[in-house]
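Residue indices begin at 1 and follow the sequence shown.
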Amino acid sequence: MSFIKEACVENLQQAIIAEKQGADRLELCTDLEMDGLTPSNDLILKIKEHIKIQVHVMIRPRAGNFVYSVQKIDEMKASIDFCKLVGVEGVVFGILNNDNTLNLDKLRELTEYSQPLKVVIHKAIDDTPNPLQACKELADINGVTTILSSGGEITALEGMEVLREMIKISSEIEIMPAGKITKSNVHELHELIGARAYHGRLIVGSLEGLAQ
């Protein structure tokens, strides 16, 4: 059974290598040491000009938690506007309340704002008290196409039971496991989890040592 391999990249060189090494899709972000932030408009444009596979762009205006002010939400909308303008396939974001539950009102607002782009809810879901409950709540938001998660754990392997449950309850949404998924273990994890797509920095091999 085939599955999508989504490579997480930070620059054009990594994107080119990932595509050549067999990635089916890219998640583009910057500052992965801070778990990924919104890339510059210039970088998004360069990726669109040079890459043939589909690209999802991280929409995360700052490091830290996922509780955002009105100003930060407006910044996210401006980034989404640019993604629409240049024609990327999708955007990736997550918004929580102060108690780490999903901010469903803001998620619904931003998902609607993002149309017709695909919408990926990222690993903010793993910070919620109950990722399975959060998954059910996201299934009620029209326009959410993918949930990126490690099942509330550090790695997809540790969270595989929750990930399997997510897949069961979210037939209309692509559950995309993440968390230490590499070229060497993705096939084994697929046998255990059975998802339609997997995400990782090393999912098609190492991209290290490339110039910025």
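- Distance check, rounded to the nearest 0.5 Å: CD1 of Ile141 to CD of Glu109 gives 11.5 Å.
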For this session: Evaluate side-chain contact (heavy atoms from CB on, under 4.5 Å) for Lys106 paired with Asn97, printing each intermediate quantity in order.
Result: CA-CA 10 Å; Lys106 289 300 181 185; Asn97 296 309; over 6 Å; no
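- With Ile125 as reference, Ile147 is the one residue of Leu148, Leu96, Ile147 to meet the side-chain contact (heavy atoms from CB on, under 4.5 Å) rule.
- Panel note: side chain Asp127, backbone Asn100; no donor-acceptor pair is recorded below 3.5 Å.
- The same ILVMFWY cluster, assembled from side-chain heavy atoms under 4.5 Å apart, contains both Val144 and Leu117.
- Ile53 and Met176 fall into different hydrophobic clusters, defined by Ile, Leu, Val, Met, Phe, Trp and Tyr side-chain heavy atoms under 4.5 Å apart, directly or through other members.
- Although no hydrogens or angles enter the test, the distance criterion places no donor-acceptor pair under 3.5 Å between the side chain of Arg108 and the main chain of Asn103.
- Here CG of Asp35 is found 9.0 Å from SG of Cys29. Values are rounded to the nearest 0.5 Å.
- Residues Ile59 and Val119 are members of one and the same hydrophobic cluster, defined by side-chain heavy-atom contacts under 4.5 angstrom among Ile, Leu, Val, Met, Phe, Trp and Tyr.
- Atom OG1 of Thr111 and atom CG of Asn142 lie 9.0 Å apart (nearest 0.5 Å).
- Side-chain contact check for Tyr68 versus Arg60: some heavy-atom pair is nearer than 4.5 Å.
- Although no hydrogens or angles enter the test, the distance criterion places no donor-acceptor pair under 3.5 Å between the side chain of Ser150 and the main chain of Gly159.
- A donor-acceptor pair shorter than 3.5 Å can be found between the side chains of Glu158 and Thr155.
- The two residues Leu32 and Cys8 have their closest heavy-atom pair at CD2-SG, 3.6 Å.
- Nearest heavy atoms, Leu163 versus Ala156: CD1-O, 3.7 Å.
- Between the CZ atom of Arg62 and the CD atom of Glu75 there is a distance of 10.0 Å, given to the nearest 0.5 Å.
- Leu102 and Glu137 get closest at one heavy-atom pair: CD1-OE1, 3.8 Å.
- Two different hydrophobic clusters hold Val67 and Val92 under the rule that ILVMFWY side chains link at heavy-atom gaps under 4.5 Å.
- Side-chain atoms of Asn130 come within 3.5 Å of backbone atoms of Gln133 as a donor-acceptor pair (strictly under, hydrogens ignored).
- Between Glu49 and Lys46, none of the side-chain N atoms (NZ, or NE/NH1/NH2) sits under 4.0 Å from a carboxylate O, so this pair counts as no salt bridge.
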For this session: Step by step, work out the side-chain contact (heavy atoms from CB on, under 4.5 Å) result for Ile47 and Leu12.
Result: CA-CA 6 Å; Ile47 295 289; Leu12 177 59; 4.0 Å; yes
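- Counting only distance, with no hydrogens or angles, the side chain of Asn185 and the backbone of Lys180 share a donor-acceptor pair below 3.5 Å.
- Side chains of Ile121 and Thr146 form no contact here, defined as non-hydrogen atoms less than 4.5 Å apart.
- The environment of Glu33 atom CD is dense: over 12 non-hydrogen atoms of other residues, nucleotides or ligands sit within 6.0 angstrom.
- Not one N or O on the side chain of Ser170 forms a donor-acceptor pair closer than 3.5 Å with the backbone of Ile167.
- The shortest heavy-atom contact between Ser171 and Arg196 is O-NH2, 3.6 Å.
- Two residues are said to be in side-chain contact when any heavy atoms from C-beta on lie closer than 4.5 Å; Leu28 and Met58 fail this criterion.
- With contacts defined as side-chain heavy-atom distances shorter than 4.5 Å, the pair Thr30/Leu43 qualifies.
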Could you go through residues 80-91 and list every donor-acceptor pair under 3.5 Å that involves a side-chain atom there, pairing it with any protein atom two or more places apart or in another chain?
from: Asp81; atom 1: OD1; to: Tyr113; atom 2: OH; distance (Å): 2.8
from: Asp81; atom 1: OD2; to: Tyr113; atom 2: OH; distance (Å): 2.9
from: Lys84; atom 1: NZ; to: Tyr113; atom 2: O; distance (Å): 2.5
from: Lys84; atom 1: NZ; to: Gln115; atom 2: O; distance (Å): 3.3
from: Glu89; atom 1: OE1; to: His56; atom 2: NE2; distance (Å): 2.7
from: Glu89; atom 1: OE2; to: Lys118; atom 2: NZ; distance (Å): 3.2

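- With respect to Arg25 and Glu174, a salt bridge is recorded, a charged nitrogen being found less than 4.0 Å from a carboxylate O.
- In this structure, the side chain of Glu19 engages the main chain of Lys52 through a donor-acceptor pair within 3.5 Å.
- Taking the charged nitrogens against the carboxylate oxygens, Arg201 and Glu6 have no contact shorter than 4.0 Å, which rules out a salt bridge.
- Taking the side chain as every heavy atom from C-beta outward, Glu27 and Val9 never approach each other to under 4.5 Å.
- To the nearest 0.5 Å, atom CD of residue Glu161 and atom CG of residue Leu192 are 9.0 Å apart.
- Distance alone, capped at 3.5 Å, places no donor-acceptor pair between the Thr128 side chain and the Ala134 backbone.
- Nearest approach of Cys135 to Ile175, heavy atoms of both residues: SG-CD1, 4.0 Å.
- Hydrophobic clustering (ILVMFWY, side-chain heavy atoms < 4.5 Å, transitive): Leu45 and Val55 are in one cluster.
- Defined by atom type and a distance below 3.5 Å, a donor-acceptor pair is missing between the side-chain atoms of Asp42 and Ser40.
- Remark: the backbone N or O of Ile4 is not paired with any side-chain donor or acceptor of Asp24 at under 3.5 angstrom.
- Leu157 places none of its side-chain heavy atoms less than 4.5 Å from the side chain of Ile193.
- Within a 6.0 Å radius of CG in Asp99, other residues, nucleotides and ligands contribute more than 12 heavy atoms.
- No side-chain heavy atom of His199 sits under 4.5 Å from any side-chain heavy atom of Ile203.
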Exercise. Stepwise, does the ring pair (Phe, Tyr, Trp, His ring centres under 6.0 Å) test hold for Phe3 with His187?
Worked result: CA-CA 9 Å; Phe3 53 84; His187 291 279; 5.3 Å; yes
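- A donor-acceptor pair is defined here as one N or O able to donate and one able to accept, closer than 3.5 Å; such a pair exists between the side chain of Ser114 and the backbone of Leu110.
- Looking only at side-chain heavy atoms (C-beta outward), Ile181 and Tyr198 come within less than 4.5 Å of each other.
- The aromatic ring centres of Phe93 and His122 sit 6.0 Å or more apart.
- Rounding to the nearest 0.5 Å gives a distance of 10.0 Å between OG of Ser206 and CD1 of Ile17.
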Exercise. Do Leu107 and Leu138 pass the side-chain contact (heavy atoms from CB on, under 4.5 Å) test, and can you show the C-alpha distance, the side-chain angles, and the key distance before you say yes or no?
Worked result: CA-CA 9 Å; Leu107 284 169; Leu138 289 172; 4.0 Å; yes
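- Here the shortest heavy-atom pairing between Gly151 and Ser149 reads N-OG, 2.8 Å.
- Within a 6.0 Å radius of CD1 in Ile154, other residues, nucleotides and ligands contribute 12 heavy atoms or fewer.
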